[in-house]
Amino acid sequence: MRTSIATVSIAGTLPEKLEAVAAAGFDGIEIFEQDFIASDMSPRDVGRMVADHGLTITLFQPFRDFEGLPEPHRSRAFARAQRKFDLMNQLGTDLVLVCSSVHPAAIGGIDRMAQDFRDLGEVAAQHGIRVGFEALAWGRHVNDHRDAWEVVRRADHPNIGLILDSFHTLGRGISLQSIRSIPGDRIFFVQLADAPAIPMDLLYWSRHFRNMPGEGDLDVTGFMRAVTATGYAGPLSLEIFNDQFRAGLPRLVALDGYRSLVDLMDRVRRQEPALPSALPDFPAPAPIKGVEFVEFVTSKKEEPDLSTFLSGAGFTPVARHVSKSVTRWRQGGVNVLVNMESTGFAHSTYVVRGTTVSEIALKVPDAEAALDRARALHVTPHAEDVPPGELSIPAVRGVGGSVLRLLDDGPTLSRIWKADFAEAAAADAGVGLTGIDHIGQTMAHDEMLSWSLFYHAMFDAAKAPMVDVADPDGLVRSQAVQSGALRVTLNGSEARRTLVGRFVEEGFGASVQHIAFATNDIFATAEALAARGFPILKIGENYFDDVAARFGLPDTLVARMKPLNVLYDEDAGGQFFQVYSRSRPEGLFFEFVQRQGNYDGYGAANAPFRIAAQKRATRPPGLPKF
Ligand SMILES: O=C(O)c1ccc(O)c(O)c1
Ligand SMILES: [Mg+2]
């Protein structure tokens with residue numbers, strides 16, 4: 001598989017872009033003309049610099065407003081093409097993209113356009129150049145790849161071929177079946193982009209909202225299955241016009257791009273096993289079986305406060321780590337570790353961020369297989385020296401540089417609690433928690449796509465629609481992802497004074513902001529929490545009046561919810577009850593939930609009231625309440 005990305009997809013100067021693209025593992029780069037013109041390097045120097053990075057120029061683009069023009073525009077267009085072909089010879093690339101014309105003088109006419117391309121093919125051949133025709137979704141006369149293909153077919157010239165761009169095809173909802181009948185050797189190039197399903201003007205959508213395959217809602221996999229079926233074996237190139245990526249860190253955006261391409265082609269080969277695949281073999285994504293533990297890092301000074309919080313939530317310290325200053329707390333099937341080491345990775349996390357979640361351990365079907373998949377996706381592995389006798393647990397870096405451990409039921413890793421911890425004392429029933437329902441990870445707004453891609457590619461996680469939550473100080477966006485038994489909500493905000501915005505700023509980056517524990521009896525849990533003096537979040541009277549009216553709840557139920565501060569939501573599948581803690585000083589909080597039936601959400605409708613209540617509860621005395 002030859003991978004490529006357009007320079008327009010990432011931020012920086014041309015040298016910075018090349019550096020990032022090469023570092024991410026791509027084979028080639030599309031030079032977007034503007035990026036070349038804006039640089040002050042000669043075409044030969046650019047060509048040399050590309051080669052020095054081990055890359056090739058897969059495409060030069062775009063050449064606009066060429067076909068279907070009357071004279072004198074037509075001759076001007078040919079003269080312009082000559083100049084660009086000379087430039088391409090110096091750059092050292094042989095393929096140019098002509099996008100369909102939007103010129104006001106263009107007359108169209110399929111045979112006129114075909115003739116234009118046949119003549120252009122002759123000029124191109126003299127320069128050793130091939131020309132690919134792409135239908136822009138908003139082209140004046142050609143806006144559908146089927147028409148572009150008909151023009152190319154009638155041009156009938158070996159130097160003229162078709163360029164497919166998933167955005168233009170999928171954005172217009174054009175049948176993917178129509179791709180399968182195009183001969184693969186007539187497709188000169190394939191560009192890939194996804195996009196969120198937001199109804200808007202095609203051109204504006206394309207120029208601002210494209211994203212990496214797997215980050216949006218378009219069927220890019222279906223598109224590539226059809227392309228692969230044609231026998232096309234050329235480069236697969238990302239062409240992503242995205243406001244956020246243009247302002248992002250070039251290396252991270254390029255890395256996400258590489259990951260998205262590998263994941264895409266992995267999906268294609270698994271869905272089209274009869275077709276040849278140019279991808280090296282690596283394991284399929286596997287759904288997560290559960291969260292084995294969550295680890296906090298803290299200090300001697302802050303540990304008593306964290307311990308009070310954990311005991312209040314019903315956890316009991318049951319064992320010490322055999323060599324490290326780590327305590328295992330337990331309740332029901334839930335394990336929470338508290339790490340107080342004064343050296344090593346966990347401690348350096350504490351030094352930067354204070355008390356925080358430094359690790360999440362996931363139970364997967366096969367940890368080594370998951371690690372192999374991570375390597376193929378260029379996910380950063382994490383390794384530490386382990387004393388003899390203790391387990392070396394495969395791990396990768398997750399959100400905010402935290403550690404994601406990979407455990408399984410195999411003979412080695414299933415020994416984790418026996419090998420690494422002293423024998424566990426019995427834990428009492430606690431407050432009736434049975435597991436981890438979901439984990440809320442808070443991050444900068446522009447990291448959200450990146451981490452949803454991470455979970456999607458690593459664990460085949462499905463994404464729920466993005467929801468907006470109103471914080472009194474700005475909007476927060478929340479994206480839920482789920483793989484098997486793991487549910488994660490990714491939260492971000494561009495507004496700095498939201499709970500989410502402050503958490504990222506004050507915690508020096510992304511991390512877990514809340515953990516939602518499951519219970520089978522929310523009222524018993526809420527009573528037990530209250531009896532233990534746990535800092536439960538007080539919910540205002542107005543909320544209960546509204547929720548009772550909204551869902552027509554019986555008075556008896558509301559009368560139980562109110563004193564225990566239990567929130568309620570429902571969807572077509574079932575009911576949902578929630579109790580929250582107040583925010584801790586570092587912004588972290590717990591949630592306790594009961595799902596009934598097949599309720600599939602996260603109580604997003606309640607989030608604005610929960611946030612307002614949390615802000616009210618932590619506001620210093622003397623400031624006006626809201
Ligand atoms: O938005 C554009 O003009 C544009 C240009 C070149 C392309 O390949 C494309 O897909 C879009
Ligand atoms: Mg394109």
Qualifying residue, where the test is side-chain contact (heavy atoms from CB on, under 4.5 Å) with Glu239 and the options are Ile5, Thr7, Asp165, Val190: Asp165
Closest non-hydrogen atom pair between Thr228 and Pro276, with its separation: CG2-O, 4.1 Å
Side-chain heavy atoms of His456 within contact of Asp263, under 4.5 Å: yes
Test: Arg146 and Glu150 ion pair at under 4.0 Å: no
Residues Thr221 and Arg225: side-chain donor-acceptor under 3.5 angstrom: no
For Glu33, the option from Arg64, Lys84, Gln61 that meets side chain to side chain donor-acceptor pair (under 3.5 Å): Lys84
Intermediate values then yes/no, salt bridge (Lys or Arg N to Asp or Glu O under 4.0 Å), Arg251 and Glu19: CA-CA 8 Å; Arg251 280 203 176 221; Glu19 172 86 44; 3.3 Å; yes
Asp460 and Ser483: side chain donor to acceptor below 3.5 Å: no
Distance-only donor-acceptor check, side chains Thr58 and Glu30, under 3.5 Å: no
Nearest atoms (heavy-atom pairs only) where Ala114 meets Arg154: CB-CB, 3.6 Å
Residues Asp372, Arg375: salt bridge by 4.0 Å N-O rule: yes
Sidechain-backbone polar pair: Ser206 side chain, Leu202 backbone, donor-acceptor under 3.5 Å: no
Check: Ile393 and Leu406 side chains under 4.5 Å, non-hydrogen atoms: no
Gap separating the CG atom of Asp266 from the CG atom of Asp281, nearest 0.5 angstrom: 8.5 Å
Between Gln479 and Tyr455, a side-chain donor and acceptor under 3.5 Å: no
Minimal non-hydrogen separation, Leu413 against Leu407, with atom names: O-CD2, 3.9 Å
Residues Glu447, Arg477; criterion salt bridge (Lys or Arg N to Asp or Glu O under 4.0 Å); working and verdict: CA-CA 12 Å; Glu447 288 179 279; Arg477 310 208 81 196; over 6 Å; no
Over 12 non-hydrogen atoms of neighbours within 6.0 angstrom of CG in Asn598: no
Candidate pair Phe167 and Trp205, rule ring-ring contact (aromatic ring centres under 6.0 Å, His included), full reasoning: CA-CA 10 Å; Phe167 180 88; Trp205 189 26; 5.1 Å; yes
Within-4.5 Å side-chain heavy-atom neighbours: Met212 and Val253: yes
By ring-ring contact (aromatic ring centres under 6.0 Å, His included) - contacts of His157 (at least two apart): none
Shortest non-hydrogen separation from His103 to Ala105 and the atoms involved: ND1-N, 2.9 Å
Polar side chain donor-acceptor pair, Gln115 to Arg118, under 3.5 angstrom: yes
Residue pairs, two or more places apart or on separate chains, that pass side-chain hydrogen bond (donor to acceptor under 3.5 Å, both in side chains) and touch residues 133-143: none
Aromatic contact, His168 with His145 (centres under 6.0 Å): no
Lys/Arg N to Asp/Glu carboxylate O, Asp86 vs Arg83, below 4.0 Å: no
Sequence neighbours excluded - salt bridge (charged side-chain N to carboxylate O under 4.0 Å, His left out) pairs with any residue from residues 185-209: none
Parallel, tilted or perpendicular: rings of Phe459 and Phe454 (30°, 60°): perpendicular
Side chain to side chain, Val291 and Lys363, heavy atoms closer than 4.5 Å: no
Thr169 side chain vs Ser166 backbone, donor-acceptor pair below 3.5 Å: no
Heavy-atom closest pair, residues Ala124 and Asn159: C-ND2, 4.2 Å
Test item: side-chain donor near acceptor, Arg259 and His378, under 3.5 Å: no
Minimum side-chain heavy-atom gap Ser478-Tyr602 below 4.5 Å: no
Short side-chain to backbone donor-acceptor contact, Lys289 and Ala485, under 3.5 Å: no
Residues which pass ring-ring contact (aromatic ring centres under 6.0 Å, His included) with Phe36, listed by chain and number, not counting sequence neighbours: none
Donor on one side chain, acceptor on other, Asn89 and His127, under 3.5 Å: no
His208 ring center within less than 6.0 Å of Phe241 ring center: no
Residues that Arg74 engages under side chain to side chain donor-acceptor pair (under 3.5 Å), provided they are two or more places apart: Asp116, Asp119
Residue pair Arg153, Asp156: steps toward the salt bridge (Lys or Arg N to Asp or Glu O under 4.0 Å) verdict: CA-CA 5 Å; Arg153 200 181 67 77; Asp156 192 23; over 6 Å; no
Minimum-distance pair of heavy atoms, taken over all atoms of Ala369 and Pro283: O-CG, 3.4 Å
CA sep, side-chain torsions, deciding dist, call: Leu164, Phe223, side chain to side chain contact (heavy atoms under 4.5 Å, CB included): CA-CA 10 Å; Leu164 291 170; Phe223 174 88; 3.9 Å; yes
Geometric cation-pi criterion Arg373 and Phe282, 6.0 Å radius, 45° cone: no
Pair Arg44, Gln90: side-chain N/O donor-acceptor within cut-off below 3.5 Å: no
Contacts of Lys463 that satisfy side chain to side chain donor-acceptor pair (under 3.5 Å) - sequence neighbours left out: none
Test log, rule ring-ring contact (aromatic ring centres under 6.0 Å, His included), inputs Phe66 and Phe78: CA-CA 8 Å; Phe66 165 73; Phe78 273 85; 5.2 Å; yes
Residue pair Asp409 / Ser414, side-chain donor-acceptor N/O under 3.5 Å: no
Partner of Gln191 by side-chain contact (heavy atoms from CB on, under 4.5 Å), out of Ile240, Leu238, Leu59, Leu236: Leu59
Minimum side-chain heavy-atom gap Val142-Met113 below 4.5 Å: yes
Residue pair Asp27, Arg2: steps toward the salt bridge (Lys or Arg N to Asp or Glu O under 4.0 Å) verdict: CA-CA 6 Å; Asp27 304 309; Arg2 270 188 295 152; over 6 Å; no
Side-chain heavy-atom pair Val96, Met88 within 4.5 angstrom cut-off: yes
